[in-house]
Amino acid sequence: MAVPTGAGAGAAYQTEGGWRQGGKGASVWDTFAHRPATPPGSAPPGPLGGDVASDSYNNLFRDVEGLRRLGVSHYRFSLSWARLLPNGTAPANPAGLAHYGRLLARLRELGLEPVVTLYHWDLPQALQDAFGGWASPVLPRLFRDYAELCFRHFGGQVRYWLTMDNPYVVAWHGYGTGRLPPGVRGGPRLGYLAAHHLLQAHAKVWHLYNDHFREAQRGQVSIALSSHWIKPQHMTEKNIKECQKSLDFVLGWFAKPIFIDGDYPESMRSNLSSLLPEFSEAEKKYIKGTADFFALSFGATLSFQLLDSHMKFQQLESISLRQLLYWINNEYNKPQIFIVENSWFVSALLLGCNLQRKNEPCDKFGFVLSSAIRYDGVNVFGYTVWSLLDGFEWHRGYSIRRGLFYVDFQSHDKKLMPKSSVLFYQKLIEKNVH
């Protein structure tokens, strides 16, 4: 069982820094982190935001050297929309284009496969101000324009594209609860509307690539969807149905329209009534099938931090990646699965293995993955540990660390130090290759 193993950089906002360098525009995260007051449960303001973070913008070759040391096959990172299009729309920023061009060129020199996310939560602030962000039906077209710029400039060097990361968090906590940027407390109705536009935006970008770039660039496009796993409080038919509902309301909200029939899960439509927007028959056909593989994120951010408790429907969360993979395999017609994010976290005071939660042993995930493939018949063709280096952890600030490499945030050049998990992951990769 040889599964290509890689590392993720974290989102651009988590690691890049350089928030005012090279002509970059402001994102909603910049604005959110600089606000004067901090609502309970939100990301810290001011200098604890991502202004500098891991300073990857100024240490591009430092990060790539970490990848070389690990011996990974691929590297997942995100582009900053506001760095490439400071106002969210044309004209493009030459410095931003050059920055990502240098990164891709260096990855090519080392034979590393880039896995590139177009949008990882850092919407240009200008689009939030002008249109209301993802609450506006204008955003899908603007996202398509941004994607076209990226495909034209970088598509010859990228075989795996992800349109966006974890739209659940963007819609629900960005426009529903207001817990994350842009901090709009619009309630469930606005959260579901934002998700509607995110799905339309994703579909537009997939069709753009399929119609105009696929033949020449020969890449694949998907969307990174996050999920928890849930098990019944008691083994009753009612509890089991509630577990299905929980997965429908989180993962199925986006996966069923894309992978099954272009529409939301029946449990959502019957429970939410007029709160849930409707797709026309033409829109359903347009959205259905707009992913070339299933990109799964399973880890700390959604699975155990940003999942609203009522989305569990009084059932029990579990950290079983194997069971989730089995469920996805059966629910979505045995798709090819690329695990594009998987990790837990440790306290910022610790340097130990970051592939664990609570007392979960570091070597367990390799066994879980091999079991899912060998015994459950799940088609996993790639695995990505999250993340390469410590960074800004959203609403948790710098209180936790998820990197394979420890970042000394107090040092001027943000030195990297390998954690014990680096040695573990190197050995796992060697074992996997041989």
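Any value given below was found using the heavy atoms of this structure, including those in side chains, with hydrogens, waters and symmetry copies removed. When a residue number appears, it is its place in the shown sequence, counting from 1.
Applying the side-chain contact (heavy atoms from CB on, under 4.5 Å) test to Lys288 and every residue at least two apart in sequence or in another chain returns nothing. Scored by the ring-ring contact (aromatic ring centres under 6.0 Å, His included) test, Phe259 finds Phe294 as partners (sequence neighbours excluded). Every residue meeting the side chain to side chain donor-acceptor pair (under 3.5 Å) condition with Glu148, not counting sequence neighbours, appears here in chain and number order: Arg144, Arg152. Take His207 and apply the ring-ring contact (aromatic ring centres under 6.0 Å, His included) test, not counting sequence neighbours, and it matches Tyr286. Take Arg108 and apply the salt bridge (charged side-chain N to carboxylate O under 4.0 Å, His left out) test, not counting sequence neighbours, and it matches no residue. With sequence neighbours left out, Lys334 forms a side-chain contact (heavy atoms from CB on, under 4.5 Å) with Asn329, Asn330. In terms of the side-chain contact (heavy atoms from CB on, under 4.5 Å) criterion, residue partners of Ala9 (sequence neighbours excluded) are, by chain and number, Tyr75, Phe77. Residues passing the salt bridge (charged side-chain N to carboxylate O under 4.0 Å, His left out) test with Arg106, sequence neighbours excluded: Glu109. Here Tyr146 pairs with Trp81 under the ring-ring contact (aromatic ring centres under 6.0 Å, His included) rule; sequence neighbours left out.
Listed for the Lys24 side chain is no donor-acceptor partner under 3.5 Å among the backbone atoms of Ala82. In this structure a side-chain-to-backbone donor-acceptor pair under 3.5 Å is present from His197 to Trp134. Checking side-chain atoms of Tyr160 against main-chain N and O of Glu113 turns up no donor-acceptor pair under 3.5 Å. Although no hydrogens or angles enter the test, the distance criterion places a donor-acceptor pair under 3.5 Å between the side chain of Arg401 and the main chain of Val407. Side-chain N or O atoms of Gln14 include one that pairs as donor or acceptor with a backbone N or O of Phe392 at under 3.5 Å. For the pair Tyr175 (side chain) and Gly187 (backbone), a donor-acceptor distance under 3.5 Å is absent.
Aromatic rings of Trp394 and His173 (six-membered ring for Trp) have centroids beyond the 6.0 Å cut-off, not under it. Separation of the Tyr168 and Phe254 ring centroids does not fall under the 6.0 Å cut-off. For an aromatic pair to be called close, the ring centres must be under 6.0 Å apart, and Tyr13 with Trp19 fails this. When ring centroids are compared, His196 and Phe279 come within the 6.0 Å threshold.
Within the model, atoms OG1 of Thr163 and NZ of Lys204 stand 14.0 Å from one another, a figure rounded to the nearest 0.5 Å.
Heavy-atom contacts from other residues, nucleotides or ligands closer than 6.0 Å to NE2 of His412 number 12 or fewer.
Note on residues 91-101: pairs passing side chain to side chain donor-acceptor pair (under 3.5 Å), not counting sequence neighbours, are Glu16-Tyr100. Judged as a salt bridge (Lys or Arg N to Asp or Glu O under 4.0 Å), the pairs with a partner in residues 207-220 (not counting sequence neighbours) are, in order, Arg214-Asp292.
For the residue pair Ser78/Thr117, the side-chain donor-acceptor check at 3.5 Å is not satisfied.
Between Lys256 and Asp263 no salt bridge is recorded (no basic side-chain N to carboxylate O distance below 4.0 Å).
Taking the ring centre of Tyr326 as origin, the terminal cationic atom of Arg322 falls outside the region bounded by 6.0 Å and 45° from the ring axis.
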Which donor-acceptor pairs under 3.5 Å do the side chains of residues 56-74 make with protein atoms, sequence neighbours left out?
residue: Ser56; atom: OG; partner: Thr15; partner atom: O; Å: 3.4
residue: Ser56; atom: OG; partner: Arg62; partner atom: NH2; Å: 3.4
residue: Ser56; atom: OG; partner: Asp63; partner atom: OD2; Å: 2.6
residue: Asn58; atom: OD1; partner: Gln21; partner atom: NE2; Å: 3.1
residue: Asn58; atom: ND2; partner: Gln21; partner atom: OE1; Å: 2.9
residue: Asn58; atom: ND2; partner: Asp55; partner atom: OD1; Å: 2.8
residue: Asn59; atom: ND2; partner: Asp55; partner atom: O; Å: 2.8
residue: Asn59; atom: ND2; partner: Asp55; partner atom: OD2; Å: 3.4
residue: Arg62; atom: NH1; partner: Ser54; partner atom: O; Å: 3.1
residue: Arg62; atom: NH1; partner: Lys414; partner atom: O; Å: 2.8
residue: Arg62; atom: NH2; partner: Ser54; partner atom: O; Å: 2.9
residue: Glu65; atom: OE1; partner: Arg68; partner atom: NE; Å: 2.9
residue: Glu65; atom: OE2; partner: Arg68; partner atom: NE; Å: 3.2
residue: Glu65; atom: OE2; partner: Arg68; partner atom: NH2; Å: 2.4
residue: Ser73; atom: OG; partner: Thr5; partner atom: N; Å: 3.3
residue: Ser73; atom: OG; partner: Thr5; partner atom: O; Å: 3.0
residue: His74; atom: NE2; partner: Gly6; partner atom: N; Å: 3.4
residue: His74; atom: NE2; partner: Tyr383; partner atom: O; Å: 3.2
residue: His74; atom: NE2; partner: Thr384; partner atom: OG1; Å: 2.9

